[in-house]
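In this chain, residues are counted from 1 in sequence order.
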Amino acid sequence: MCFGFDADVLFSDRVEFHSDQILILPDGSTYYLDESGREVAVVLPDGETRFAGGFGSGRGNFIDPVAIVSDGISVFVCDRAGNTIVQLNRRLEFITAIPVTMQNETHAFYPSSIAVNANGQLAVLSEEHNAVWTKAPQDASWNLVAELNRQAVPISCPEQITFSDVNSLMISSCGNAEYSFSLFGRLISAKISSDGE
């Protein structure tokens, strides 16, 4: 899968649609996320174009979409202000909305980045809480993986989370620093840029 950004992708019948993020699957399906328009679009391999979303908290709508990822079967849109991961099929038909709520948490989580591995396991990063949580498809609730403030060297300003493989997560932070964690929360490695952090 490839990720990219292009602020000027336009569809002839939807000139108001502007792409902030692009996700390309191996079969050529290309997904576009319009954060300000709160929509997602796909151009399928046969050339068909489909749209989903729009403002709202209802079925398949978004309040504040900030990221789009896919496990090859489904597409997941991270709705930060909605505290929800919206799961769509590859044709952008609504499957479910997965609430991002944590046990014993009194404040909203506000996921700022999302990742999914080939097994469908989701990971969310919260800049607000400086923490990472995961949820396997069969799990009823989210599991805390890492509180980034409580590391031997606290990780400040995390920006993006990705799966390095099915068993480990990579967190990128400002200053070009990268941290690798196991799904059990163990820090595996840290790569700090030469200009420091």
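- Rounded to the nearest 0.5 angstrom, Glu39 CD and Ser19 OG are separated by 11.5 Å.
- The distance from atom CD1 of Ile68 to atom CG of Asp20, rounded to the nearest 0.5 Å, is 11.5 Å.
- Not a single donor-acceptor pair under 3.5 Å links the side chain of Asp71 to the backbone N or O of Asn117.
- In this structure the side chain of Glu159 never reaches within 4.5 angstrom of the side chain of Ser113, judged on heavy atoms.
- Separation of atoms CG (Leu169) and CG (Leu125) is listed at 10.0 Å; rounding is to 0.5 Å.
- Within the 3.5 Å criterion, the main-chain N or O of Asp79 finds no donor-acceptor partner in the side chain of Asp64.
- Aromatic ring pairs are classed by plane angle as parallel below 30°, tilted from 30° to 60° and perpendicular above 60°; the pair Trp133 and Phe109 is perpendicular.
- The shortest distance between side-chain heavy atoms of Ile85 and Lys135 does not fall below 4.5 Å.
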- Item | salt bridge (charged side-chain N to carboxylate O under 4.0 Å, His left out) evaluation trace for Arg80 with Glu127 | CA-CA 11 Å; Arg80 183 182 184 284; Glu127 292 176 12; 6.0 Å; no
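- In this structure, Ser180 and Ser164 approach most closely via the heavy-atom pair OG-OG, 4.4 Å.
- Without hydrogens or angle criteria, Glu178 side chain to Ser189 main chain gives no donor-acceptor distance under 3.5 Å.
- Residues Leu92 and Tyr31 are in side-chain contact: their nearest non-hydrogen atoms beyond the backbone lie under 4.5 Å apart.
- Considering only heavy atoms from C-beta on, Val42 stays 4.5 Å or farther from Val75 through its side chain.
- Between Ala81 and Ile63, the closest heavy-atom pair is CB-CG2, 3.7 Å.
- For the pairing with Glu147, the side chain to side chain contact (heavy atoms under 4.5 Å, CB included) check across Asn149, Val145, Leu144 returns one residue only, Leu144.
- At a threshold of 4.5 Å between non-hydrogen side-chain atoms, the residues Ser70 and Leu23 count as touching.
- Taking CZ of Phe181 as the reference point, atom CD1 of Ile161 lies at 9.0 Å (rounded to 0.5 Å).
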